[in-house]
Structure formats: structure tokens, C-alpha cells
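As the structure is a computational prediction, the values presented were derived from the model and not from experiment.
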Amino acid sequence: MSKISKLVSVDLKEVWPHEAHDFTPWLAENLDRLESLLGMDLELEGTEVAVGPFSADIVAQEATTGRRMVIENMLGS
């Protein structure tokens, strides 16, 4: 018999307290979830990649076109 659970809203900061140290590594390890939403095949190049005086959260390459992309994630405003 299947067990049905209840969905519960949680504060994202409770799951990933620090964007760069917690959320970015999780997203990089789970790019397949983003791939399915975007309909792309992504290959991770790196996280917290230096871009001039800034850091790009995630740099990936689209496998079919070879285009590089920057993924900037935010857990707050």
C-alpha cells in the first residue's frame, strides 16, 4: 500500500543557511533538477568562479550547443 505524506512549507534558510556554502553546492550536485525544468543538458564547469571582481555562483556548459552559461542563485531579495 502506498504511503501518502503531507507537503509542508519550510523556510529555505533553514535548509540552506548560507547561499554560497550550502545552496550553491547542492544545486551544482543536483543540476539534473534544473536541466529537466529548462529542457537542457548541462555540464558543470565550476562553482564560485571568479569573473573579474565578482564570483559566478555556477558556470555550466550546454552539452548540445557548447554555450557557456552562468547560473546566479539567490535565496532572498
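Without hydrogens or angle criteria, Asp57 side chain to Asn73 main chain gives a donor-acceptor distance under 3.5 Å.
When every heavy atom of Ala20 is checked against every heavy atom of Glu48, the shortest pair comes out as CB-OE2, 3.6 Å.
Put simply, the side chain of Asp41 reaches to within 4.5 Å of the side chain of Glu35, judged on heavy atoms.
Annotation for Met69: hydrophobic cluster partners, listed by chain and number, are Val10, Leu12, Val15, Trp16, Phe23, Trp26, Leu27, Leu31, Leu34, Leu38, Met40, Leu42, Leu44, Ile58, Ile71, Leu75 (ILVMFWY side-chain heavy atoms under 4.5 Å, direct or chained). Through side-chain heavy atoms spaced under 4.5 Å, either directly or across other Ile, Leu, Val, Met, Phe, Trp or Tyr residues, Val59 is tied to Val49, Val70.
The distance from the CZ atom of Arg68 to the CD atom of Gln61 is 7.5 Å, given to the nearest 0.5 Å. Summarising the geometry, atom CD belonging to Glu19 is positioned 7.0 Å from atom CE belonging to Met74; distances are rounded to the nearest 0.5 Å.
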